[in-house]
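Index from 1, following the sequence.
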Amino acid sequence: MEDKNSPKQESELQRLRKRVATLEAALANSRRRSGDHLSSIPGMEPSHANGNKRWLGAFDASKVSVFLIDPSSDQIVDANETAARLLGYSLAELIHTSISKIHPGEMEKLRGFSEQVFNEGAAFSDELSCTTKSGDCIPAEMSGSILNIDGRELMMALVTDVSEKRQAEATRMRLEKAIEQSSDVITITDSTGVIQYVNPAFEKLTGFSADEAIGKSTSILHSGEHDASFYEKLWKTLEAGDVWVGRFVNRRKDGALVIHESTISPVTNPDNVITNYVDVKRDVTREVELEEQLRHKHQLESLGRLAGGVAHDLNNLLSPILGFSEILRDGFAPEDPRRANLDRVVRASSDAGKLVSQLLAFGRKQYLELRELCWCGIVSNLIPLLERTLPEDIEIEFNPCDPPYLIEADAAQMDQVLINLVLNARDAMLGGGRIELRLGRTNADEVGTWWGRDVDRGEYVMLQVIDDGMGFEQDELLKIFEPFYTTKGPGAGTGLGLASVLGIVEQHRGYVRAQQNEGPGATFTVLLPEVTNRHEEILGEAHTEAIRGGSESILIAEDDFDVREMTRAALMRLGYRVTAVSSGEEALALVEEMSSSFDLVLTDVVMGGISGPRLLESMKEISPSTRTMMMSGYPDDQLLGRGGVQEGVLLLRKPVSVSVLGARIREVLDG
């Protein structure tokens, strides 16, 4: 029986044949006039073995959207399933749809393409946007050419969705901008360390331009501060495919050293072979300096605590040595050689006491007797002493100034600051030279431009000690105020002079720094807050009086046997009637028993049981007229933790010489 096709089947068959014919014509025309566009679509290469059905299947299966457009009506004549899916239409909805619906904002551009294709016979390729059925806008790339089908000229357009491509490009542009604008240095090298890319921050931080760096090895930044093993470990890490993180001391183009914190990451290809390295580094020079300052501060605090801890014991040991040596010395005639030997013991004991004082000054723990002083007067009074101390080939110059330059300070500590700075300058001028002392006034705003650190607001008096000696190396300037650091040979210095200067100045709320001069020598600058309420000038000179004794009755409370016995012997030699006990309890019992018998009570501050402050507090009710004094070998911060010293009570600092002890006893009794 012969099969016959229904009219519907015949219509569908005619449509398919017409579509195949259209595609065959499109392929031939496309190859001839537009560089074989359609054949470039995956799956569109014709197969003579499979014929027209293979063509139709390839057209519909293509991943590229294909449109056939009638330029006379701007309608879509045909399209493939990919095009329909791209725009969200069914194929039936898409065919015969006007391209103005698909490209509502691009019609002028499309007509320009059409004129180019039909008038000039040239294919086109450009970007435009497509609007989907839901109204979304899709970025796309379109290429097109003329197709002549049965004498009818159509335009074939190949459209590719480039949304992901645009997103990738946007991400890449953001990444490029981030890299270009990053304050961190970003360097890309090949697998051997040859620079292929640097960002603008590279030039800012290293001084090398991109042209100077690209094509060069990263060794152009080497400073010589790292040995060969450092770089060997670095390369071993990188070649193993691991990330290296660490710090470089690099050298800028101008020769300056900088510290870079660096993270270097390998970049591999699909075969996991390292092709490049990305180095991200930032300048941490300032951070390292701050870390060093913090470490130095902690070191000073630790040594200060150590100094305070040993000060009491040292002072208690030195007090009897100094006192008994003076007592023994005064028992010999001036021409007796034993007196000269004891003089040496006294001087050594006194020097040891000063060394403890320097340790406490370095630790900012020494007791300060603050008064209003005139810097000019302090310097003027010390000039004769300094001139006698300096060798003949060193000249000291100071021009007395009219302004008072008032400061609130401890006179003895200011003497120590000036003497230490001058002696430090002397030691830097082995072949002779000149030391200049200058005084001036400045403020926080002026200081902030050159001091390099924050300075409290206010006016300052500035003392400068300028020498023309050997000066300092840069690494020496970084350590010059460290305790026990000295440039002298073994046995030539303790290294505490400048450390104690720093401690004294900072305890007075001031600042000190050292600078290498442009010419020979160095300059030490001390800033101290200026007293703005001008009172009568006080020069701070020492008042020396002849030591007088007396016959008054004195009670000594001291728990250290040697200090107690030395103090009793010294005061008895001056004619006083002395009673000595080893505790606050014994002293309080004697005062209660004989309240009117003692003219003065001299007590240690820290004792087991009843302390010195508690003893004097209890005495106020029993014998308010009895004069009082205190002694201590503890630094001030530890005294505060043990009750402190009452206001108006004279405090003697151990070790105390017999002459000072006698003078202060007389001062209190006569006061």
Test your reading of the model: is there a side-chain donor-acceptor pair from S217 to the backbone of V194, 3.5 Å cut-off? no
To the nearest 0.5 angstrom, please state how far the CZ atom of R172 sits from the NZ atom of K165. 10.0 Å
To the nearest 0.5 Å, how far apart are OG1 in T285 and CG in L290? 11.0 Å
Test log, rule side chain to side chain contact (heavy atoms under 4.5 Å, CB included), inputs T525 and Q515: CA-CA 8 Å; T525 303; Q515 286 176 285; 4.3 Å; yes
Would you call V505 and L528 a side-chain contact if the rule is heavy atoms closer than 4.5 Å? yes
How would you list, by chain and number, every residue that makes a side-chain hydrogen bond (donor to acceptor under 3.5 Å, both in side chains) with D468, sequence neighbours excluded? none
Closest heavy-atom pair and its distance - A213, I195: O-CB, 3.5 Å
Can you name the nearest heavy-atom pair linking G612 to M630, along with the distance? C-CE, 3.7 Å
Does the Q516 side chain pair with the main chain of G521, one donor and one acceptor, at a distance under 3.5 Å? yes
Which pairs, with at least one residue in residues 246-285 and sequence neighbours excluded, count as a ring pair (Phe, Tyr, Trp, His ring centres under 6.0 Å)? F230-F248, W235-Y277, W244-F248
S265 OG to N276 CG distance, which is reported to the nearest 0.5 Å: 12.0 Å
Go through the steps to decide whether S657 and L322 satisfy the test side chain to side chain contact (heavy atoms under 4.5 Å, CB included), and finish with yes or no. CA-CA 6 Å; S657 67; L322 178 60; 3.9 Å; yes
Decide side chain to side chain contact (heavy atoms under 4.5 Å, CB included) for N250 and T206; before the verdict, give the C-alpha distance in whole Å, the side-chain angles of both, and the deciding distance to 0.1 Å. CA-CA 9 Å; N250 285 332; T206 69; over 6 Å; no
Spacing of CD1 belonging to I274 relative to CG belonging to N272, to within rounding of 0.5 Å: 8.0 Å
Exam field: side chain N199 to backbone I186, donor-acceptor pair closer than 3.5 Å: yes
Could you tell me which residues satisfy side-chain hydrogen bond (donor to acceptor under 3.5 Å, both in side chains) with N269, sequence neighbours excluded, listed by chain and number? none
Report yes if some heavy atom in the side chain of L527 is under 4.5 Å from a heavy atom in the side chain of V461; otherwise report no. no
Run R434 and E397 through salt bridge (Lys or Arg N to Asp or Glu O under 4.0 Å) and show every step you take. CA-CA 7 Å; R434 185 173 69 94; E397 178 182 325; 2.7 Å; yes
The single option from L238, T189, I188, I264 passing side-chain contact (heavy atoms from CB on, under 4.5 Å) against D279: I264
Any side-chain heavy atom of M470 within less than 4.5 Å of one from M429? no
Mind checking what makes side-chain contact (heavy atoms from CB on, under 4.5 Å) contact with R509, not counting sequence neighbours? P529
Rounded to the nearest 0.5 Å, what's the gap from CD on E164 to CD on Q167? Could you check? 7.0 Å
Nearest 0.5 angstrom please: I419 CD1 to L421 CG, how far? 10.5 Å
Closest approach of S380 to F398 (non-hydrogen atoms, all atoms of both residues): OG-CE2, 3.6 Å
Quick one: which residue pairs count as a salt bridge (charged side-chain N to carboxylate O under 4.0 Å, His left out) with a foot in residues 222-243, not counting sequence neighbours? none
Just jot down the side-chain contact (heavy atoms from CB on, under 4.5 Å) partners of E287, sequence neighbours excluded, or say none. R282, V284
Thinking salt bridges, do D410 and R371 make one under a 4.0 Å N-O criterion? no
When you check the side-chain N and O atoms of R166 and S163, is any donor under 3.5 Å from an acceptor? no
Partner residues of R438 under the salt bridge (charged side-chain N to carboxylate O under 4.0 Å, His left out) criterion, sequence neighbours left out: E436
Can you give me the closest heavy-atom contact between A201 and D184, atom names plus distance? CB-O, 3.4 Å
Without swapping roles, check the side chain of N424 against the backbone of N420 for a donor-acceptor pair under 3.5 Å. no
What pairs with E387 under salt bridge (charged side-chain N to carboxylate O under 4.0 Å, His left out), at least two apart in sequence or on another chain? none
If the condition is side-chain contact (heavy atoms from CB on, under 4.5 Å), which residues does A522 pass it with, not counting sequence neighbours? D467, F472
May I ask you to say whether R441 pairs ionically with E530, meaning some side-chain N is under 4.0 Å from a carboxylate O? yes
Over 60° means perpendicular and under 30° means parallel, so tell me whether F208 and F202 are parallel, tilted or perpendicular. tilted
Tell me, do L386 and L423 make a side-chain contact under 4.5 Å, heavy atoms counted? no
Does any non-hydrogen side-chain atom of L406 lie less than 4.5 Å from one of L373? no
Could you check if a side-chain atom of V245 sits within less than 4.5 angstrom of a side-chain atom of E261, using non-hydrogen atoms only? no
Side chain to side chain contact (heavy atoms under 4.5 Å, CB included) evaluation trace for V422 with I435: CA-CA 8 Å; V422 170; I435 300 174; 4.1 Å; yes
Any side-chain heavy atom of H226 sitting closer than 4.5 Å to one from Y231? yes
Can you list everything that forms a salt bridge (charged side-chain N to carboxylate O under 4.0 Å, His left out) with E212? Sequence neighbours excluded, please. K253
Contacts of type salt bridge (charged side-chain N to carboxylate O under 4.0 Å, His left out), residue D254, not counting sequence neighbours: R252
Correct closest heavy-atom pair for L205 and S183 would be CD1-O, 4.2 Å
Search all heavy atoms of L430 against all heavy atoms of D393 and return the closest pair with its distance. O-OD2, 4.3 Å
Using only atom types and a distance under 3.5 Å, with no angle test, would you say the side chain of D271 pairs donor to acceptor with the backbone of V273? no
Salt bridge (Lys or Arg N to Asp or Glu O under 4.0 Å) between E291 and R247, worked out: CA-CA 14 Å; E291 289 172 2; R247 285 180 175 177; 3.5 Å; yes
Can you list everything that forms a side-chain hydrogen bond (donor to acceptor under 3.5 Å, both in side chains) with T523? Sequence neighbours excluded, please. N517
Would you check if the side chain of S611 reaches a backbone N or O of M607 as a donor-acceptor pair within less than 3.5 Å? no
Flag the pair L221 / R251 as yes when at least one side-chain heavy-atom distance between them is below 4.5 Å, and no otherwise. no
